K.L.:
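One structure, pasted below without further comment.
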Amino acid sequence: MPRFAANLAYLFTERPLLERFAAAAAAGFTAVELQAPYDHQAADIRREIERHSLTILGINTPPAPGAETGLAAVPEREQEFAALFGWALDYAVAIGGRTIHCMSGKVPADRTREAESVFVANLRRAADLAGEKGLGLLIEPLNHRDRPDYVLHLPEQAAAIIEQVGRANVRMQFDFYHVQIEAGDLFTRFARHLAVIGHVQVAAVPSRAEPDEGEVNYPAVFQMIDRSGYAGWVGCEYRPRGRTEDGLGWGRPHGLGGRG
């Protein structure tokens, strides 16, 4: 059975961030993931993780001025990315995280090839630094409807970049929501890239609400993931239609719902 993690940038946002850890644990989640918790002291985040016996998976690289979707593939901003990655690495280590999602950022379409080369070089350096601390890196294709000009937008592109980087601790974050919108053929693509998939995320398409509506048959997806041998977590990165706990009916067969 897939193991589900709460993305606390999306779930339980009725509460301040530091209160979401308790809510996630009460709802039956045993793992959480974050995006950009940098406004909070790492010690405060770690205290909540440990207080509620949660596994913390990962965080994103911090946004930058004029680059809220990252800098990892943006030409002429390599030094800025290096500084931001250093911040992310220190923070991830401090909270006990396992991975850092290196967001590629946006460039005009005619600079995609150049951006991919920058991405590869930046990831090699970052992966070596992360490896020294026992952490992995994730890269995630984001759909162009939500994120126009985002450099990384296809699973095949991500797999090619991972191969060029040539570091065992760089893997793909396969978000079924983004892949369905950008490319479709979910089962085939998941199987094709399973060897380099390090994390999975889910949300309904097209609404990005709970994974119980729309055009993706998530019960079938979860069965497929289970059969595939994928041993990682499935991140719940969706926008609840209302109160988070009230929308966890889809997860009751998987042990979610708790005392909410």
Side-chain angles (χ1 to χ4, degrees), residues 3-65 67-72 80-103 105 126-127 129-140 142 169-171 173 175 198-203 232-240 243-245 247-248 251 255-256 258-260:
R3 299 179 298 165
F4 293 93
N7 187 305
L8 297 186
Y10 282 74
L11 303 190
F12 307 105
T13 57
E14 307 89 350
R15 303 166 174 82
L17 178 59
L18 291 178
E19 296 179 13
R20 297 175 200 170
F21 298 90
F29 289 100
T30 57
V32 296
E33 58 187 12
L34 303 169
Q35 287 192 341
Y38 301 100
D39 289 342
H40 293 77
Q41 293 294 319
D44 292 337
I45 296 290
R46 183 159 190 151
R47 183 184 64 246
E48 293 304 310
I49 293 165
E50 293 177 347
R51 176 178 293 168
H52 301 289
S53 301
L54 294 165
T55 297
I56 174 65
L57 301 182
I59 57 176
N60 292 358
T61 46
E68 72 284 353
T69 59
L71 289 175
E80 289 177 78
F81 171 74
L84 291 171
F85 180 79
W87 184 12
L89 182 57
D90 289 344
Y91 198 99
V93 170
I95 66 173
R98 301 179 176 187
T99 58
I100 298 170
H101 171 202
C102 294
M103 299 190 70
L129 293 170
E132 292 173 1
K133 304 292 186 179
L135 272 69
L137 305 184
L138 296 171
I139 61 173
E140 178 186 10
L142 304 185
N169 63 332
V170 179
R171 300 175 70 78
Q173 184 160 285
D175 188 323
H199 188 53
V200 167
Q201 292 178 328
V202 296
W233 294 85
V234 176
C236 299
E237 192 184 67
Y238 61 79
R239 297 189 181 97
R243 180 173 174 267
T244 301
E245 290 89 342
L248 287 174
L256 302 180
R259 303 188 300 275

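Only a predicted model underlies this, so the values are computations on that prediction, with no experimental measurement involved.
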K.L.:
Just verifying a value: how many Å separate Tyr238 OH and Asp175 CG, rounded to the nearest 0.5 Å?
P.N.:
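Between Tyr238 OH and Asp175 CG, I get 13.5 Å after rounding to 0.5 Å.
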K.L.:
List the atom of Leu129, the atom of Phe85, and the distance in Å for their closest heavy-atom pair.
P.N.:
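Leu129 and Phe85 have their closest heavy atoms at CB-CE2, 4.2 Å.
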K.L.:
Can you see which heavy atom on Leu18 is nearest to which on His40, and at what distance?
P.N.:
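Distance-wise, the nearest heavy atoms are CG-CD2, 3.8 Å.
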K.L.:
Salt bridge (charged side-chain N to carboxylate O under 4.0 Å, His left out): which pairs involve residues 4-22, sequence neighbours left out?
P.N.:
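Applying salt bridge (charged side-chain N to carboxylate O under 4.0 Å, His left out) to every pair that reaches into residues 4-22, excluding sequence neighbours, yields Arg15-Glu245.
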K.L.:
So how far is it from Ile95 CD1 to Ile56 CD1, rounded to the nearest 0.5 Å?
P.N.:
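It is 4.5 Å, given to the nearest 0.5 Å.
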K.L.:
At what distance, to the nearest 0.5 angstrom, does SG of Cys236 lie from CG of Leu8?
P.N.:
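These two atoms lie 10.5 Å from each other.
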K.L.:
Measure across Cys102 and Ile139 and return the closest heavy-atom pair with its distance rounded to 0.1 Å.
P.N.:
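Heavy atoms only, the tightest pair is O-CG2, 4.1 Å.
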K.L.:
Arg51: which residues meet the side chain to side chain contact (heavy atoms under 4.5 Å, CB included) condition with it, sequence neighbours left out?
P.N.:
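Result, side chain to side chain contact (heavy atoms under 4.5 Å, CB included) vs Arg51: Arg47, Glu48.
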K.L.:
Go through the structure and list residues passing side chain to side chain contact (heavy atoms under 4.5 Å, CB included) with Ala9, not counting sequence neighbours.
P.N.:
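Side chain to side chain contact (heavy atoms under 4.5 Å, CB included) check on Ala9 returns Asn7, Gln35.
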K.L.:
Ring pair (Phe, Tyr, Trp, His ring centres under 6.0 Å) with Tyr91: which residues, sequence neighbours excluded?
P.N.:
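Applying ring pair (Phe, Tyr, Trp, His ring centres under 6.0 Å) to Tyr91 gives Tyr38.
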K.L.:
Of all heavy-atom pairs between Pro37 and Ile45, which one has the smallest distance, and what is that distance?
P.N.:
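Closest pair (atom of Pro37, atom of Ile45, distance): CB-CD1, 4.5 Å.
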K.L.:
Find the distance between CG (Leu17) and CG (Leu34) and round it off to the nearest 0.5 Å.
P.N.:
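Nearest 0.5 Å value for the CG-CG distance: 6.0 Å.
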K.L.:
Within the 4.5 Å heavy-atom criterion, are Thr55 and Thr30 side-chain neighbours or not?
P.N.:
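The answer is no, as the side chains (C-beta and beyond) never meet within the 4.5 Å cut-off.
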K.L.:
Can you find a pair of side-chain heavy atoms, one from Thr61 and one from Leu71, that are under 4.5 Å apart?
P.N.:
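The answer is no; the side chains never approach within 4.5 Å.
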K.L.:
I would like to know whether Leu138 and Ile100 meet side chain to side chain contact (heavy atoms under 4.5 Å, CB included); could you show each step before the answer?
P.N.:
CA-CA 6 Å; Leu138 296 171; Ile100 298 170; over 6 Å; no
K.L.:
Once you round to the nearest 0.5 Å, how far does CZ of Arg46 lie from CG of Asp44?
P.N.:
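One finds 13.0 Å between CZ of Arg46 and CG of Asp44.
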K.L.:
Less than 4.5 Å apart, any side-chain heavy atom of Leu135 and any of Asn169?
P.N.:
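In short, these two side chains do not touch, never coming nearer than 4.5 Å.
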K.L.:
Got a sec, which residues hit salt bridge (charged side-chain N to carboxylate O under 4.0 Å, His left out) with Glu80, two or more places apart in sequence or on another chain?
P.N.:
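With sequence neighbours excluded, Glu80 shows a salt bridge (charged side-chain N to carboxylate O under 4.0 Å, His left out) to Arg77, given in chain and number order.
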K.L.:
For Arg3, give me all partners under side chain to side chain contact (heavy atoms under 4.5 Å, CB included), at least two apart in sequence or on another chain.
P.N.:
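With neighbours one apart ignored, the set is Trp233.
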K.L.:
What distance do Arg239 atom CZ and Thr244 atom OG1 have between them, rounded to the nearest 0.5 Å?
P.N.:
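Between Arg239 CZ and Thr244 OG1, I get 13.0 Å after rounding to 0.5 Å.
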K.L.:
When you compare the side chains of His199 and Glu33, does any donor N or O come within less than 3.5 Å of an acceptor on the partner?
P.N.:
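Result is yes, a qualifying pair exists.
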K.L.:
Are Phe29 and Phe12 side-chain neighbours, meaning at least one heavy-atom pair lies under 4.5 Å?
P.N.:
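With C-beta onward as the side chain, the pair touches.
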K.L.:
What are the two closest non-hydrogen atoms of Pro240 and Leu11, and how far apart are they?
P.N.:
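In this case the closest contact between Pro240 and Leu11 is CG-CD2, 3.7 Å.
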K.L.:
Can you name the nearest heavy-atom pair linking Leu137 to Ala130, along with the distance?
P.N.:
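The pair with the smallest heavy-atom distance is CD2-CB, 3.8 Å.
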